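First comes the structure, then the notes that go with it.
Heavy-atom basis, side chains included; hydrogens, waters and symmetry copies ignored. The model shown is predicted, which means the values in this text are computed figures rather than measured ones.
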Amino acid sequence: MRGSRILGDAVAVARDGVAAALGAGLVGPMRPLQLVRVARAVSRYGLTLATAAEMSAIRHPDRVAIVDERGSLTFGDLGRRSAALADALHHEGLLREGGRLGLLCRNHRDFVIAAVAGSRLGADLVLLSTDLGAPALAGVLEREQVTALVHDEEFAPLLDRVPFPGFRAVSWAGPDAPAPTLDLLGGSAAPPAPSPRGRGRLVIMTSGTTGTPKGAPRDAARLRMGLPVTSLLAALRLRSGEAMLIQPPIFHGFGLGFLAAALALGCTAVLHRRCGPEEALRLVGTHRVRVLVCVPVLLHRIMRLPRQTRAESATGSLRVIVSGAASLRPDLAGDVMDEFGDILFDLYGTTETGWATLATPADLRAAPGTVGRPAHGVSVAVLDGDGSPVSNGAVGEVYVGSGLTFGGYSGGGTKATVRGLMSTGDLGYVDSSGRLFVVGRADDMVVSGGENVYPREVEDLLAAHPAIADVVVYGVPDDEFGQRLAARVVPAPGTTVTREDLVAYVAGTLGRHKVPRDLEFVAELSRTGSGKVRRPADPPGAASRRPASA
């Protein structure tokens, strides 16, 4: 097929969408009273977290909704606690329809209770990254006009340095936490809050790897989620009632999307405030997790555990692993499937465009490095600088169109659009089978001596070296060539590697013009909460140095 625009077939969309919803248990037999109550919830709250939680509270009140370090919470408990919190916030005048509720929380029940409560009131939900420092957090709170804030007790010292005149409530609180706590508010009896007239927006922050995060609002009333969501359900074969370990932060769109799916499907969401590789394997075995949702760095760290540790872990319940939010390197994908079976899927999208493509295990085997094909209801195109489609195999900018794209940043501005498709800011190409490959960010491309070089290509090659545990490749200014490649490398434990070794390795595979001229060995790379590497803004030498052997 010449060109790179990929369109779904409308008949297949309708057929697969209905089959996916039925097969997943999103819809199913209900008693007349349950049907009436579900219809009332949809009418009252629209397509929000409140509706997802209420549907499962009606259909599966005794089923476990959330498991975290403090135990389990049923859907009935979640419904009662979120309703009580919403009633208290409204009665005390702390949060009303149209207000803005900021959430600065890690992955646990209080995040979910507060988010559902805010949705019940018709308030906007502003999801704040736990990585923010005081100046950036102050700027985001002011720009997003947050009126009430729920935050974990651990962030109280940070917030004490931030000028915030609004109401603050403490979540995940210990016995000595300052009042008011979420438990105290939710435990007070208050008259029922009225039904909201409108639907609150959801404001998700961009990753902020190159600056202060931007707010990307989603208006539930304008979203057209049906086709992309049912397509995802069909591809991943998600099922009602299964345990789903959600490792990415749920303040990020990737983690939040699967939390919403778990609530709507009546799945048990297994959450952990800091989920490392050993803890992830333990949770899978303890709760017989069927679906693991994670960022690639967790998979990387799991595969770095001793083989005996992995062998002794009870992971036989796993039938789906979903990776997303950051680049999944080809060698890692292969290693994970060799270890756990062909159950790995890679989800690609951006905060602004939503979900775009999905790579199945078959895709990852047949075409290592691909991010897969677009879902039904999603259009993907690779365009040149003039906005024209490029031929298959040619690199251009990736554009996406679906009912999930946002309407512009809350602080002003938006992403470029061409014929209804929105720029992802990524460069990529489509192969002859219609699979999309992403080669890097458009602003990461390095032009060195007139040659275009994509750092991800060099990064993937170096990551496959047995003596390298982690790596980032990026561009820095160069007086002679305009730009040059630089790399920061984390050596694998117990290995010895030199700069000369890596220069020869890259030159022998990709050519000398793609060899990083600056190469530094470091102890670790800085990452965001969603697992993305923060591209160094400073030239090599500013980070702590270490010898080439480790």
- Task: Evaluate the side chain to side chain contact (heavy atoms under 4.5 Å, CB included) criterion for residues Y399 and T353: first the C-alpha distance (whole Å), next the side-chain angles of each, then the deciding distance (0.1 Å), finally the verdict.
- Result: CA-CA 9 Å; Y399 282 72; T353 64; over 6 Å; no
Donor-acceptor pair, [X] side chain versus [Y] backbone, under 3.5 Å?
{"X": "D386", "Y": "S388", "result": "no"}
{"X": "S129", "Y": "D131", "result": "yes"}
{"X": "T268", "Y": "I66", "result": "no"}
{"X": "S323", "Y": "D346", "result": "no"}
{"X": "T360", "Y": "D363", "result": "yes"}
{"X": "N107", "Y": "L271", "result": "no"}
{"X": "H108", "Y": "D110", "result": "yes"}
{"X": "S402", "Y": "L404", "result": "yes"}
{"X": "R484", "Y": "V476", "result": "no"}
{"X": "D426", "Y": "V398", "result": "no"}

- Going through the distances and angles, do L502 and F521 end up as a side chain to side chain contact (heavy atoms under 4.5 Å, CB included)? CA-CA 11 Å; L502 297 182; F521 293 91; 4.1 Å; yes
Contact between [X] and [Y] at the side-chain level, heavy atoms closer than 4.5 Å - yes or no?
{"X": "M205", "Y": "V126", "answer": "yes"}
{"X": "L383", "Y": "P389", "answer": "yes"}
{"X": "S313", "Y": "V284", "answer": "no"}
{"X": "Q247", "Y": "F254", "answer": "no"}
{"X": "V522", "Y": "V490", "answer": "yes"}
{"X": "L305", "Y": "R301", "answer": "no"}
{"X": "L328", "Y": "V336", "answer": "no"}
{"X": "L525", "Y": "R488", "answer": "yes"}

Distance from [X] atom [atom1] to [Y] atom [atom2], nearest 0.5 Å?
{"X": "I250", "Y": "H252", "atom1": "CD1", "atom2": "NE2", "result": "13.0 Å"}
{"X": "L292", "Y": "L318", "atom1": "CG", "atom2": "CG", "result": "6.0 Å"}
{"X": "R282", "Y": "L245", "atom1": "CZ", "atom2": "CG", "result": "10.5 Å"}
{"X": "L332", "Y": "S327", "atom1": "CG", "atom2": "OG", "result": "9.5 Å"}
{"X": "L125", "Y": "I204", "atom1": "CG", "atom2": "CD1", "result": "10.0 Å"}
{"X": "K514", "Y": "T509", "atom1": "NZ", "atom2": "OG1", "result": "11.0 Å"}

Could you report the tightest heavy-atom contact between [X] and [Y], atom names first, then the distance?
{"X": "R288", "Y": "A243", "answer": "O-CB, 4.0 Å"}
{"X": "C275", "Y": "L298", "answer": "O-CD1, 3.7 Å"}
{"X": "R143", "Y": "S410", "answer": "NE-OG, 4.1 Å"}
{"X": "G387", "Y": "V418", "answer": "O-CG1, 3.9 Å"}
{"X": "P368", "Y": "P330", "answer": "CB-CB, 3.9 Å"}
{"X": "W355", "Y": "T357", "answer": "NE1-O, 3.0 Å"}

- Could you go through the side chain to side chain contact (heavy atoms under 4.5 Å, CB included) check for L158 and L137 one step at a time? CA-CA 9 Å; L158 170 67; L137 179 58; 3.8 Å; yes
Does a side-chain N-to-carboxylate-O contact under 4.0 Å join [X] and [Y]?
{"X": "R365", "Y": "D338", "value": "yes"}
{"X": "R329", "Y": "E459", "value": "yes"}
{"X": "R106", "Y": "E69", "value": "no"}
{"X": "D470", "Y": "R527", "value": "yes"}
{"X": "E154", "Y": "R274", "value": "yes"}

- Message: I'd like to know whether H465 forms a side-chain hydrogen bond (donor to acceptor under 3.5 Å, both in side chains) with D501, so could you lay out the CA-CA distance, the side-chain angles of the two residues, the decisive distance to 0.1 Å, and finally the verdict.
- Response: CA-CA 10 Å; H465 194 288; D501 293 334; over 6 Å; no
Is the number of heavy atoms from other residues, nucleotides or ligands under 6.0 Å of [X] [atom1] greater than 12?
{"X": "E142", "atom1": "CD", "value": "no"}
{"X": "R441", "atom1": "CZ", "value": "yes"}
{"X": "R319", "atom1": "CZ", "value": "yes"}

- Evaluate the ring planes of Y429 and F437, with Trp represented by its six-membered ring, and classify them as parallel (under 30°), tilted (30 to 60°) or perpendicular (over 60°).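 Y429 vs F437 ring planes: parallel.
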- Task: Show your reasoning for whether side chain to side chain contact (heavy atoms under 4.5 Å, CB included) applies to V438 and R456.
- Result: CA-CA 9 Å; V438 174; R456 183 174 294 181; 3.3 Å; yes
- Message: Applying the side chain to side chain contact (heavy atoms under 4.5 Å, CB included) criterion to E352, which one of T424, T405, T414, T206 satisfies it?
- Response: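 The side chain to side chain contact (heavy atoms under 4.5 Å, CB included) with E352 is passed solely by T206 among T424, T405, T414, T206.
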